[in-house]
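This report refers to the structure that appears directly beneath it.
Basis for what follows: all heavy atoms, side chains included, without hydrogens, waters or symmetry-related copies. This structure is a prediction, so every number in the text was calculated from the model and none was measured.
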Amino acid sequence: MSFRNYKDKIDEGDTVILYLSNNLYAIDVRPEIKSKKGDLVENVFQTPFGALKVRNLIGTDYGSKVELSKGWGHVLQPTPELWSLTLPHRTQIIYTPDISMIILQLDLVPGCVVIEAGTGSGSLTHALIRRVRPHGHVYTFDFHEHRANVARKEFEEHGLSDFVTAQHRDVLEDGFGENLKGKADAVFLDLPSPWTGVPHVLDALKAQGGRFCSFSPCIEQVQRTCLALEQHGFQELTTMEVLQSELKVTRRTVPVRDLSFLKHKSSDNPVEEKPSSDTSYVVGAWPASTPGHTGYLTVATLPPTFARKSPQATIQDIDVEMKLVGNGSETVVTETV
């Protein structure tokens with residue numbers, strides 16, 4: 001239950017983050033676990049600094065130092081950011097730099113209803129839950145039944161099931177369901193072909209409008225999604241890429257030449273080739289390498305019902321437009337099919 005509320009002490013059943021020399025590990029605080037043979041055995045977590053008996057964590061304060069057989073570490077309260085760095089990967093996940101921009105662009109506040117597809121490993125879902133609780137709700141969908149079931153169980157173990165509904169559903173084919181028509185404040189799509197889901201997004205957003213965001217690794221996906229959004233009356237279309245650069249504060253020594261001889265006009269002393277002293281400065285240094293591409297975020301706004309334009313094209317129209325653009329045509333012609 002450690003994801004639900006901040007608290008002082010670790011209880012049995014909590015998930016804690018073990019910090020060891022810049023390495024993070026997620027541990028389920030259970031005194032006993034099942035072995036490969038199905039027998040209950042003592043839960044001992046092995047680390048590079050020795051073994052940790054998990055039962056000893058019960059009653060320990062969060063943030064405190066814990067002894068290992070060959071060293072020590074710290075036990076931390078889990079957050080969506082720490083969970084993203086330690087969770088078991090069932091799919092490629094979205095990390096904190098993109099997650100923070102997604103939440104900002106979706107205009108989420110406590111009490112919002114947000115739809116997510118697909119769930120994947122649940123990295124973004126945990127951050128969405130924290131943002132919309134206590135009165136909001138997250139509806140998350142995944143077309144893979146096993147992943148949806150594992151995510152649902154994970155949310156229950158973390159004490160978040162009151163704020164999230166995880167379902168197995170192919171939203172591109174079947175939409176989000178009748179119960180969500182006109183209910184959502186925002187929709188996020190992390191799917192191979194998000195442009196085919198835009199009509200369902202239109203149905204799910206509230207009459208007073210809402211925000212849309214999709215995550216796509218390829219620019220061709222972005223092009224099709226933007227065409228679909230524009231055809232269905234979305235406005236303020238923006239595509240961005242979030243690349244995080246961290247400035248590291250370091251101390252650097254700079255050689256300094258003594259130019260005091262220039263004060264004397266009659267000085268015949270030549271300029272010395274070597275610097276006469278060194279000066280140390282604290283500077284902010286750019287990283288030697290920049291992070292690579294993750295994906296493009298495409299965001300848009302759906303205006304209120306009275307200000308919306310009626311859909312002007314079908315998915316077939318968008319395919320026609322993409323072919324014309326891909327062939328280098330200067331004029332894009334839309335033909336209704």
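Pairing each heavy atom of G295 with each of E241, the nearest pair is O-CG, 3.8 Å. Heavy-atom minimum distance, P194 versus L189: O-CD1, 3.8 Å. Contact between E230 and L237 at its shortest, heavy atoms only, is N-CD2, 4.2 Å. The two atoms that bring L52 and E67 nearest to each other are CD1-O, 4.2 Å, heavy atoms only. Among all heavy-atom pairs drawn from P217 and H293, the shortest one is O-NE2, 2.8 Å. What you find for T253 and D278 is that their closest heavy atoms are CG2-CB, 3.6 Å.
Under the 3.5 Å distance criterion, the side-chain polar atoms of Q105 are left unmatched by any main-chain donor or acceptor of I102. Formation of a donor-acceptor pair under 3.5 Å by the T119 side chain with backbone atoms of G122 is not found in this model. The closest donor-acceptor contact from the side chain of D142 to the backbone of G120 lies under 3.5 Å. Side chain of R169 to main chain of G175: a donor-acceptor pair is present (N/O by atom type, distance under 3.5 Å, no hydrogens or angles). Proximity of a side-chain donor or acceptor of R152 to a complementary backbone N or O of A166 within less than 3.5 Å is detected. Between the side chain of E42 and the backbone N or O of R55 there is no donor-acceptor pair closer than 3.5 Å. Panel note: side chain S69, backbone A51; a donor-acceptor pair is recorded below 3.5 Å. Under the 3.5 Å distance criterion, the side-chain polar atoms of S193 are left unmatched by any main-chain donor or acceptor of T196.
Atoms OG and CG, from S245 and L243 in turn, are 7.0 Å apart once rounded to the nearest 0.5 Å.
At least one side-chain heavy atom of C213 sits less than 4.5 Å from a side-chain heavy atom of L297. Residues I33 and V41 meet the side-chain proximity criterion, which asks for heavy atoms closer than 4.5 Å. Using a 4.5 Å cut-off on side-chain heavy atoms (C-beta onward), L57 and V16 make contact. Side-chain contact check for V132 versus H137: every heavy-atom pair is 4.5 Å or farther apart. Using a 4.5 Å cut-off on side-chain heavy atoms (C-beta onward), D14 and K7 make contact. Within the 4.5 Å cutoff, side-chain heavy atoms of T250 are placed close to those of V283. Contact check for V114 versus D185: no side-chain heavy atoms found under the 4.5 Å cut-off. No side-chain heavy atom of V75 sits under 4.5 Å from any side-chain heavy atom of I17.
L85 and I27 are members of different hydrophobic clusters when ILVMFWY side chains are connected at heavy-atom separations under 4.5 Å. Cluster annotation: M240 is connected to L124 through the hydrophobic network of ILVMFWY side chains, with a link wherever side-chain heavy atoms come within less than 4.5 Å. Hydrophobic clustering places L108 together with F155 (ILVMFWY residues linked when any side-chain heavy atoms are closer than 4.5 Å, directly or through intermediates). Each of V198 and F143 belongs to its own hydrophobic cluster when Ile, Leu, Val, Met, Phe, Trp and Tyr are linked at side-chain heavy-atom distances under 4.5 angstrom. Under the 4.5 Å side-chain contact rule for hydrophobic residues, I99 and Y95 share a cluster.
Listed by chain and number, the residues in a side chain to side chain contact (heavy atoms under 4.5 Å, CB included) with F306 are P304 (sequence neighbours excluded).
Between Y19 and H74, the angle of the ring planes lies from 30° to 60°, which puts this pair in the tilted group.
In this structure, F141 has its ring center under 6.0 Å from that of F176. If you look at H168 and H144, their ring centroids are not closer than 6.0 Å. When ring centroids are compared, F3 and H126 come within the 6.0 Å threshold. Checked against a 6.0 Å centroid threshold, the rings of H232 and F234 do not count as neighbours.
Under a cut-off of 6.0 angstrom, the local environment of NE2 in H135 is sparse, with at most 12 non-hydrogen atoms contributed by other residues, nucleotides or ligands. When the shell of 6.0 Å around CG of D8 is examined, it contains 12 or fewer heavy atoms from other residues, nucleotides or ligands. Crowding of K53 atom NZ: a count of heavy atoms from other residues, nucleotides or ligands under 6.0 Å not exceeding 12. Environment of NE2 in H146: sparse, with no more than 12 heavy atoms of neighbouring residues, nucleotides or ligands closer than 6.0 Å.
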>> Applying side-chain hydrogen bond (donor to acceptor under 3.5 Å, both in side chains) to R90 and S121, what does each step give before you reach the verdict?
In response: CA-CA 5 Å; R90 299 181 287 273; S121 299; 4.7 Å; no
>> If you apply the rule ring-ring contact (aromatic ring centres under 6.0 Å, His included), what do you find for Y296 with F215, and how did you get there?
In response: CA-CA 6 Å; Y296 300 105; F215 181 90; 8.9 Å; no
>> Before you tell me yes or no, could you show the steps for E81 and R130 under salt bridge (charged side-chain N to carboxylate O under 4.0 Å, His left out), namely the whole-Å CA-CA distance, both residues' side-chain angles and the distance that decides it to 0.1 Å?
In response: CA-CA 11 Å; E81 291 78 16; R130 181 180 64 180; 2.6 Å; yes
> side-chain hydrogen bond (donor to acceptor under 3.5 Å, both in side chains) between S84 and S123: does it pass, once the steps are laid out?
Replying inline: CA-CA 5 Å; S84 295; S123 172; 2.8 Å; yes
>> Between K153 and E156, does the salt bridge (charged side-chain N to carboxylate O under 4.0 Å, His left out) criterion hold? Intermediate values first, please.
In response: CA-CA 5 Å; K153 182 180 178 182; E156 291 174 358; over 6 Å; no
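A donor-acceptor pair shorter than 3.5 Å cannot be found between the side chains of T298 and T225. Between the side chains of S214 and D190, no donor-acceptor pair is found at a separation under 3.5 Å. For the 3.5 Å distance criterion, the side chains of E116 and T125 qualify, holding a donor opposite an acceptor.
Cation-pi geometry between R4 and Y6 is not met at under 6.0 angstrom from the ring centre and within 45 degrees of the axis. Relative to the six-membered ring of Y281, R252 misses at least one condition, a distance below 6.0 Å or an angle of at most 45° to the axis.
A salt bridge (charged side-chain N to carboxylate O under 4.0 Å, His left out) check over residues 17-41, counting only residues at least two apart or in different chains, returns nothing.
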